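Note that the structure is predicted; figures quoted are calculated from it, not measured. Numbering of residues begins at 1 and proceeds along the displayed sequence.
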Amino acid sequence: MSENRETRRRRSPIFTGMDLDDDACYRAAQTRDARFDGRFFTAVKTTGIYCRPICPARTPKRENVVFYPTAAAAQEAGFRPCLRCRPETSPDLGAWRGTSNTVSRGLILIEAGALDEGDVEALAERLGVGERQLRRLFRLHLGASPVAVAQTRRVLLAKQLIHETRLPMTEVALASGFSSVRRFNETFQQLYDRPPIALRRSAQEPVSAAGAVTLKLPYKPPYDWDAILAFLGPRAIPGVEVVAGGVYARAIAIGGAKGAFIVRPAGSDRLAVTVRFPKLEALPAIIARVRRLFDLAADPLAIGEHLSKDAHLTPLVAARPGLRVPGAWDGFEVGVRAILGQQITVVAAIKIAGKIAAQYSEPLDEPVPGFPGLTRVFPSAEALASADLSGLPMPRARASSLSALAAAVVANPHLFGPRASLEEAIATLRRLPGIGEWTAQYIAMRELREPDAFPAADIGLMRAMADEAGVRPTAAALTARAEAWRPWRAYAAIHLWVAEGERLAAVAVVKRARPKTKTLKTLTKEVGHADRSAA
């Protein structure tokens, strides 16, 4: 171990943030309490290794450990990841959300590759803060700098690829975002004191199918997979998405290349994603989008504990503790969906979206094994900006809104990126033709991943919050009531939507089960038919 790393370890402060103190962290590590997995990491000063709280290794003495909020903080302090508990497979929790939304939005941009394309100054500018302030916030809430967070994500993704795939090391380096194989080898030699190939077990069987890369993405249980598919299934665009047999699959396009991914459950605390894409360097961006689409960074226990303080939400959270806010693959696509869905049913909106995809999108270059229904990607903003949408079955004003949205995205590719605040994001979206408060809040929920977005004017939410007499609250009254749900109003909205959907489904079942009472006119007709038949 280098002197520089040892010096950093001696100088690194003990972490005392979040809602845990050092003694609580140590007790959680002693008992290997899975509830704290992903909420902190234990670094051992005598070995130079950092571990998850559930690590099966013998618990070190109290005086020999320090605690860090993130893997990036531990690595920046000079500790290397444990080879037994594999920190790269720990759930990546957004526990800091609600404490620093700037950090949360910064992490979204880093996951999407903001520091691969630019520097910290450009990242800070996109977040509406100064570079120095951004570094201070990252240090305060994550214990590491933005650059250290990006580097740690790259290293841990590479290590996961080494363990879970049989990709050659050159392709692992490319797929995890390293600029060169030499840099990849040097990083692993410095961090693990061995070359990357030494971390791969020779007896390991291939995990990925031919022409594909399969990785397991961890999350914090519980996770309501059935509910997420129940949301995505009815909204699946024909040709672009398939939801069947407990699996989600969709066609994608990035940087002119086209491919697909398939997601399915893989145990009680992770999802398996199989990516088929010709450019391996796009893998980090694809994984980041999949994580947002399925809301894998949520901490359901913390969110549920907060929402359960409201008497109306308490039984809803207890019935569905693993509900997540379904995300979106692409901001432009969810914007199109939201505009199409104004004042019509989900079924009608998806039918029009399917027509748009069939008419203006590009077909996949090759079929996806096992998913013949995947045939094309969703149209790009460039394609719709230059298209004549007047022939589609929708009002002319709505077609004009779609054209204006496409032109806006072409002019500003970061239109659907995180903003300095939820209020700024809503204001930016509302300046677009055809996008009102409800549509802007919906986009903020699904694409911007704003946990406090709340479409208070939604009729389903108003209906779900009706009193015993059936009187629905106004949008203003619902907004006031939802103040107590901050900073998790988006999750409250999901609970209300699901509960109201289940109530309406139960009512429909009861109505279908009732014997139909025939009117006098119907009975007279039946008697007449019987008389003619007898004759």
Side-chain angles (χ1 to χ4, degrees), residues 17-20 35 39 93-105 141 220 222-224 227-228 231 295 297-327 418-427 429-430 436-504:
M18 297 190 302
D19 57 346
L20 299 172
R35 294 176 301 171
R39 300 188 69 188
L93 301 181
W96 45 85
R97 289 180 179 175
T99 304
S100 174
N101 288 325
T102 299
V103 172
S104 176
R105 297 180 182 104
H141 296 286
K220 191 74 171 179
Y223 191 102
D224 200 329
I228 207 94
F231 184 94
D295 197 17
D299 186 343
L301 299 180
I303 296 169
E305 181 180 1
H306 179 78
L307 296 181
S308 293
K309 296 176 182 177
D310 185 291
H312 190 93
L313 295 179
T314 299
L316 307 188
V317 174
R320 293 278 194 174
L323 274 187
R324 307 295 173 109
V325 176
R419 302 283 168 172
S421 67
L422 172 60
E423 291 72 23
E424 181 183 333
I426 297 301
L429 293 172
R430 291 198 63 179
E437 179 70 17
W438 180 91
T439 307
Q441 293 283 353
Y442 182 78
I443 294 173
M445 283 178 65
R446 296 200 59 196
E447 170 60 19
L448 304 186
R449 306 310 296 153
E450 289 285 352
D452 206 34
F454 190 70
D458 183 82
I459 187 65
L461 296 180
M462 294 179 181
R463 195 164 50 213
M465 289 298 294
D467 60 22
E468 294 181 357
V471 178
R472 303 171 186 172
T474 63
L478 184 55
T479 300
R481 172 68 183 275
E483 279 297 307
W485 304 338
R486 288 184 179 272
W488 309 112
R489 294 187 302 177
Y491 291 88
I494 287 295
H495 276 287
L496 292 172
W497 276 336
V498 170
E500 179 62 12
E502 291 174 343
R503 186 190 69 81
L504 292 177

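Panel note: side chain Arg449, backbone Val325; a donor-acceptor pair is recorded below 3.5 Å. Remark: the backbone N or O of Ser308 is paired with a side-chain donor or acceptor of Thr314 at under 3.5 angstrom. Panel note: side chain Gln441, backbone Phe454; a donor-acceptor pair is recorded below 3.5 Å. Judged by distance alone, the side chain of Lys220 and the main-chain N or O of Arg35 form a donor-acceptor pair under 3.5 Å.
The line from CZ of Arg489 to CE of Met445 is 10.5 Å long, rounded to the nearest 0.5 Å. Considering NE2 of His495 and CH2 of Trp485, their distance stands at 11.0 Å, rounded to 0.5 Å. Note that CD1 of Ile443 is 12.0 Å distant from CZ of Arg430, once rounded to the nearest 0.5 Å. Taking CG of Asp458 as the reference point, atom CD of Glu500 lies at 10.0 Å (rounded to 0.5 Å).
Under a cut-off of 6.0 angstrom, the local environment of CD in Glu502 is crowded, with over 12 non-hydrogen atoms contributed by other residues, nucleotides or ligands.
In this structure the side chain of Pro487 reaches within 4.5 angstrom of the side chain of His306, judged on heavy atoms. Ile426 is not listed as a side-chain neighbour of Glu450, based on a closest heavy-atom distance of 4.5 Å or more. With contacts defined as side-chain heavy-atom distances shorter than 4.5 Å, the pair Leu496/Leu313 qualifies. Put simply, the side chain of Lys309 does not reach to within 4.5 Å of the side chain of Val317, judged on heavy atoms.
Heavy-atom minimum distance, Leu448 versus Leu429: CD1-CD1, 4.4 Å. Closest non-hydrogen pair, Arg320 versus Val498, comes out as NE-CG1, 4.1 Å. Closest of all the heavy-atom pairs between Pro455 and Leu461 is O-CD1, 3.3 Å. Contact between Ala456 and Ala475 at its shortest, heavy atoms only, is CB-O, 3.7 Å. Heavy-atom minimum distance, Pro321 versus Pro300: O-CB, 3.7 Å. Summarising the geometry of Asp295 relative to Arg324, their closest heavy-atom pair is O-NH1, 3.0 Å, with the distance given to 0.1 Å.
Between Tyr491 and Trp488, the angle of the ring planes goes over 60°, which puts this pair in the perpendicular group of the 30/60° scheme.
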Note to self: Could you go through Tyr223 and Ile228, starting from their C-alpha distance and side-chain angles, then the distance that decides it, and tell me whether this counts as side-chain contact (heavy atoms from CB on, under 4.5 Å)?
What the structure shows: CA-CA 9 Å; Tyr223 191 102; Ile228 207 94; 3.9 Å; yes

